[in-house]
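Residues take their numbers from the sequence shown, with the count starting at 1. All heavy atoms count here, side chains included; hydrogens, waters and symmetry mates do not.
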Amino acid sequence: MNRLYSIFRLLDDGAGESAGALSLLPMIAMIVVLVVVFYFFLYRPQKKQERETTAMRNSIELGDVISTVGGLIGVVVRIKDEMLLIETGADRTRLQVMKWAVRGIEEKAHPVAETEKSGTKAVEKSSEKPKLKK
């Protein structure tokens, strides 16, 4: 036991007291590098995806064909705050879903086609409702 103590004491005497403060620098540098890596590879892409999803859900218009996280596909009939009323299926069943439950927009309602008429651009909107696939 005494031998083991003397070996540790010899090792400790060689380091000195000023080396103790310098040995913390690599550890602090590693922590800073880890924080930066977590920010650029985890936090930042997640926030970007959340912004894109929120923008998509806020851009829903009447007549859009949407899909929900539950697998329902329907045409948006009414929008009220955070609720959507959709028609689904051939018998036009109406369902209410929350905006957060929308996975994606399958088809936009009004495709915009630009045509030129005597030097000016006229914008035409389709007035037909999109048809659901059977």
Side-chain angles (χ1 to χ4, degrees):
M1 175 97 170
N2 200 9
R3 279 186 171 168
L4 187 62
Y5 179 73
S6 64
I7 291 174
F8 283 125
R9 190 164 181 207
L10 284 174
L11 289 174
D12 190 36
D13 287 343
E17 295 207 13
S18 64
L22 292 176
S23 67
L24 288 178
L25 275 159
M27 186 173 17
I28 291 172
M30 287 294 286
I31 291 172
V32 169
V33 167
L34 280 173
V35 167
V36 169
V37 166
F38 274 110
Y39 175 76
F40 280 106
F41 288 110
L42 294 175
Y43 183 76
R44 194 168 165 229
Q46 182 181 0
K47 286 296 180 186
K48 181 180 177 185
Q49 184 179 10
E50 286 176 13
R51 279 193 304 266
E52 290 172 356
T53 303
T54 303
M56 179 268 305
R57 289 178 178 150
N58 289 333
S59 72
I60 295 173
E61 299 173 350
L62 295 178
D64 287 350
V65 178
I66 62 167
S67 62
T68 66
V69 292
L72 297 173
I73 297 176
V75 178
V76 177
V77 178
R78 186 180 308 152
I79 300 172
K80 183 178 180 184
D81 297 328
E82 293 298 312
M83 296 288 292
L84 302 173
L85 184 65
I86 63 171
E87 284 184 351
T88 182
D91 59 350
R92 303 273 189 202
T93 304
R94 290 184 173 203
L95 300 169
Q96 280 188 332
V97 294
M98 299 293 290
K99 268 191 181 178
W100 60 262
V102 175
R103 176 181 299 157
I105 299 174
E106 302 297 321
E107 184 180 327
K108 289 301 280 181
H110 305 290
V112 177
E114 293 184 9
T115 59
E116 294 209 19
K117 292 183 182 178
S118 48
T120 61
K121 291 185 179 180
V123 178
E124 298 176 5
K125 289 188 177 182
S126 173
S127 61
E128 292 182 21
K129 275 189 175 180
K131 304 289 183 189
L132 291 176
K133 297 175 185 173
K134 292 182 182 180

Nearest heavy-atom pair of [X] and [Y]: which atoms, and what distance?
X      : Y     : result
Val102 : Met56 : O-CE, 4.1 Å
Ala109 : Gly63 : CB-C, 3.3 Å
Ile105 : Ser59 : CD1-OG, 3.8 Å

side-chain hydrogen bond (donor to acceptor under 3.5 Å, both in side chains) with [X]: which residues, sequence neighbours excluded?
X      : answer
Glu106 : Ser67
Asp81  : none
Thr53  : none

Pairwise distance [atom1]([X]) to [atom2]([Y]) - rounded to 0.5 angstrom:
X      : Y     : atom1 : atom2 : answer
Ile79  : Asp64 : CD1   : CG    : 7.0 Å
Ile66  : Leu72 : CD1   : CG    : 9.0 Å
Trp100 : Glu82 : CH2   : CD    : 11.0 Å

**Request:** Return yes if some donor-acceptor pair links the side-chain N/O of Arg94 with the main-chain N/O of Leu85 below 3.5 Å, else return no.
**Result:**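 No; zero donor-acceptor contacts below 3.5 Å.
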**Message:** Checking the side chain of Thr88 only, and the main-chain atoms of Thr93 only, is there a donor and an acceptor separated by less than 3.5 Å?
**Reply:**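 Side chain of Thr88 to backbone of Thr93, a donor-acceptor pair under 3.5 Å: no, none is there.
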**Item:** Close side-chain approach of Met83 to Lys99, heavy-atom, < 4.5 Å
**Value:**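 They are not in side-chain contact.
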**Request:** Identify the residue among Val97, Val65, Ile86 that makes a side chain to side chain contact (heavy atoms under 4.5 Å, CB included) with Val76.
**Result:** Ile86
**Asked** Has Gln49 got more than 12 heavy atoms of other residues, nucleotides or ligands less than 6.0 Å from its CD?
**Response**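 No.
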